[in-house]
Amino acid sequence: MLDPKRLRNDVEEVAQQLARRGFKLDVARIQSLESQRRELQSTTQELQNQRTLRSKAIGQAKARGEDIQPLLAEVDGLGERLVQSEQALNALQDQIQAIALMIPNILDSTVPDGKDENDNVEVRRWGVPRQFEFTPKDHVDLGAPNGWMDFEAGSKLTGSRFVVLRTAMAKLHRALIQFMLNTHTEQHGYNEVYVPYMVNADSLRGTGQLPKFEEDLFKLNNEQGYYLIPTSEVPVTNLVRDEIIPEKDLPLRFTCHTPCFRSEAGSYGKDTRGLVRQHQFEKVEMIWVVKPEESWQALETMTSHAEAILQALELPYRVLALCAGDTGFSAAKTYDLEVWLPGQQKYREISSCSNTLDFQARRMMARYRSEGGKPELVHTLNGSGLAVGRTLVAILENYQESDGRVQIPKVLQPYMNGAEYLA
RNA sequence: GGAGAGAUGGCCGAGUGGUCGAAGGCACUCCCCUGCUAAGGGAGCAUAGGGCCAAAAUCUCUAUCGAGGGUUCGACUCCCUCUCUCUCCGCCA
């Protein structure tokens with residue numbers, strides 16, 4: 001959520017900023033609702049003040065044993081006017097709040113202009129795509145024939161966009177998770193957390209998935225209306241919701257492995273083949289909670305931690321600065337990491353690292369208190385480190401050999417009983 | 001699933017219809033005192049929003065004692081619903 005003060009005082013400026021994303025802010029409507037709110041709030045508060053004063057007078061009169069009838073008569077009608085005024089004010093504030101929750105974050109000035117993913121700007125590259133002396137297969141052709149990846153079983157058990165991994169593939173998948181978590185906790189200084197895979201609407205509102213993106217989520221049909229998490233960013237970031245963190249405890253750095261569930265509504269026909277776009281996938285996430293002045297450095301550091309995983313796996317990648325039109329709702333700036341997939345002859349997204357500034361913190365009321373100071377909003381960041389399914393894809397395709405065998409990356413071999421090849 | 005207890009400020013904990021944003025204690029901040037190291041004295045110490053202002057502070061108003069409704073001139077105090085926590089029984093990985 002944006003600072004309501006900014007929304008009140010610099011609507012034009014905010015609207016101009018948001019236009020970079022292609023978001024149209026209804027300035028006239030906001031201004032009109034705001035001026036109504038201001039007036040209504042003043043009269044409501046004045047009526048409330050009247051009520052308090054009169055009630056106190058009655059209390060005092062009664063304590064002195066005086067007749068309170070005349071005073072009661074004086075109050076007559078005040079209650080009804082107050083109720084009406086309060087109701088109108090609440091309705092108006094709900095309207096304003098509903099609008100505010102639908103407004104995306106303001107982009108950082110360093111975010112490149114642009115409309116969609118074609119306008120993203122490459123920042124750097126690491127590694128050189130391997131030259132194959134044969135035509136590299138894609139991961140489906142490598143994994144499906146020998147039963148490592150069973151898409152038929154996935155669709156039988158559930159439906160499309162689900163998969164069953166078997167034997168060495170299931171184990172490599174697990175090895176990747178262990179490797180990523182161990183690296184982040186042992187080398188990058190993260191605290192590992194285990195969290196619920198179902199969350200309530202408050203949590204999703206806090207990180208910005210609700211109210212705008214409900215169709216992307218799986219909602220449970222239980223009484224509480226829980227949702228399956230689309231990313232561990234939601235439960236992990238919400239750990240600090242409604243909290244005031246002592247300054248000395250910052251920065252908080254969490255890493256967490258969870259499955260992620262996404263409806264993929266609107267992506268019909270996109271990546272229908274293979275593991276790349278599933279309704280359920282595993283992800284190791286990195287979350288930072290920092291003081292405002294540290295968040296931009298944190299974004300760079302966090303991105304480098306995601307890169308470190310790709311480097312350790314010796315997978316070629318590039319880093320993109322997402323353009324204005326492609327940056328997500330809550331983010332002020334995002335770097336995407338794209339890994340090279342020989343089967344597609346393309347770089348494909350495998351991590352996304354974002355600084356949301358105080359956008360999520362304001363929705364969550366997540367604050368910190370400096371020594372003797374007032375509580376202030378923290379800044380929150382999140383990044384994948386990495387998407388496990390896609391990393392598996394990248395390993396298969398990059399480490400394949402002409403006979404169809406797949407080498408195991410050096411750093412993963414200890415997790416695979418020292419094996420050099422998938423068997 | 002059944003029975004019971006509870007939810008108050010950073011923490012503990014009073015408060016059962018009126019002047020309570022809330023006693024007291026702890027923690028914390030500042031000052032004083034003290035040569036002695038979990039000693040004493042004093043002051044301060046919730047959050048959010050509105051108004052005022054160029055802005056901030058001050059000032060002022062409002063809201064908040066788990067959440068939402070209700071009763072009342074007035075609710076932390078009474079009534080209803082819900083959520084969460086704890087205890088016991090049952091069931092269970």
Side-chain angles (χ1 to χ4, degrees), chain A residues 1-13 30-101 194-206 220 222-227 235 238-250 252 358 360-378:
Chain A
M1 207 160 59
L2 300 177
D3 186 348
K5 288 199 182 87
R6 270 190 91 178
L7 215 47
R8 277 194 285 271
N9 302 330
D10 320 309
V11 209
E12 298 291 352
E13 162 72 11
I30 289 173
Q31 283 174 329
S32 145
L33 288 173
E34 260 305 318
S35 71
Q36 288 178 54
R37 192 222 86 237
R38 194 173 305 219
E39 198 180 322
L40 202 45
Q41 182 160 347
S42 291
T43 60
T44 304
Q45 293 189 345
E46 174 53 28
L47 287 170
Q48 287 170 327
N49 185 221
Q50 285 304 316
R51 180 193 58 191
T52 306
L53 294 175
R54 304 297 168 94
S55 295
K56 279 185 181 172
I58 290 171
Q60 285 165 347
K62 216 174 158 186
R64 286 192 300 265
E66 296 170 9
D67 180 16
I68 60 167
Q69 278 311 316
L71 289 168
L72 285 176
E74 228 178 283
V75 183
D76 197 41
L78 184 67
E80 198 174 326
R81 278 197 295 153
L82 178 56
V83 166
Q84 280 181 1
S85 190
E86 281 177 336
Q87 281 174 350
L89 179 62
N90 283 339
L92 200 54
Q93 282 177 326
D94 287 350
Q95 267 188 73
I96 293 170
Q97 178 75 355
I99 292 172
L101 285 171
Y194 169 82
V195 294
Y197 300 162
M198 299 174 203
V199 292
N200 57 34
D202 283 342
S203 293
L204 287 155
R205 224 178 340 264
L220 286 134
N222 68 343
E223 209 179 319
Q224 295 89 345
Y226 293 158
Y227 296 82
N238 273 280
L239 284 172
V240 297
R241 171 153 55 86
D242 297 321
E243 300 289 335
I244 299 175
I245 303 152
E247 183 178 20
K248 64 178 168 50
D249 292 348
L250 295 179
L252 300 175
D358 60 12
Q360 293 180 326
R362 185 171 290 106
R363 288 171 161 248
M364 293 189 298
M365 282 295 280
R367 295 167 294 172
Y368 78 101
R369 189 197 298 275
S370 51
E371 286 299 316
K374 287 257 169 203
E376 274 187 77
L377 294 171
V378 296

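Chain letters run A, B, ... following the sequence lines, proteins first and then strands; every chain starts at 1.
- Within the nucleic acid shown, A/Gln48 comes within 4.0 Å of sugar-phosphate atoms alone, with no base atom in reach, counting heavy atoms only.
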Q: Walk me through it: do A/Tyr368 and A/Ile244 pass the test side chain to side chain contact (heavy atoms under 4.5 Å, CB included)?
A: CA-CA 5 Å; A/Tyr368 78 101; A/Ile244 299 175; 5.9 Å; no
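- At B/U62, one or more side-chain N or O atoms of A/Asn49 fall inside 4.0 Å of OP1 or OP2 (strictly under the cut-off).
- In the set B/A48, B/C61, B/G18, the nucleotide with an atom closest to the side chain of A/Met365 is B/A48.
- Closest to the side chain of A/Ile58, from the set B/G49, B/U62, B/C73, is B/C73.
- Proximity note for A/Arg37 (side chain, C-beta onward) versus B/G51, B/A46, B/U62: the nearest is B/G51.
- Within the nucleic acid shown, A/Pro246 has no heavy atom closer than 4.0 Å to any nucleic acid atom.
- Remark: C1' of B/G10 and CG of A/Asp242 are 15 Å apart, rounded to the nearest angstrom.
- Rounded to a whole Å, the CD atom of A/Gln45 is 13 Å from the C1' atom of B/C52.
- OP1 or OP2 of B/G51 sits under 4.0 Å from a side-chain N or O of A/Arg38.
- Checked against B/U47, B/C73, B/U19, the side chain of A/Gln60 finds its nearest nucleotide in B/U19.
- With distances taken from any side-chain atom of A/Lys56 to the nucleotides B/G21, B/C73, B/C61, the minimum falls on B/G21.
- In this structure, CD of A/Glu46 is placed 14 Å from P of B/C52, rounded to the nearest angstrom.
- For B/U47, the OP1/OP2 oxygens have no side-chain nitrogen or oxygen of A/Arg367 closer than 4.0 Å.
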Q: Tell me, with the steps shown, if A/Ser203 and A/Asn200 meet side-chain hydrogen bond (donor to acceptor under 3.5 Å, both in side chains).
A: CA-CA 6 Å; A/Ser203 293; A/Asn200 57 34; 3.2 Å; yes
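- A gap of 27 Å separates the C1' atoms of B/C88 and B/G13, to the nearest Å.
- When the P atom is compared between B/G6 and B/G10, the two are found 23 Å apart, to the nearest whole Å.
- Separating the P atom of B/U77 from that of B/G66 is a span of 8 Å, rounded to the nearest Å.
- Applying the 6.0 Å contact sphere to CD of A/Glu39 captures no more than 12 heavy atoms from other residues, nucleotides or ligands.
- Regarding contacts with the backbone of B/A63, a side-chain N or O of A/Arg51 is found under 4.0 angstrom from either OP1 or OP2.
- A/Arg363 contributes a side-chain N or O that, together with a main-chain N or O of A/Leu101, makes up a donor-acceptor pair within less than 3.5 Å.
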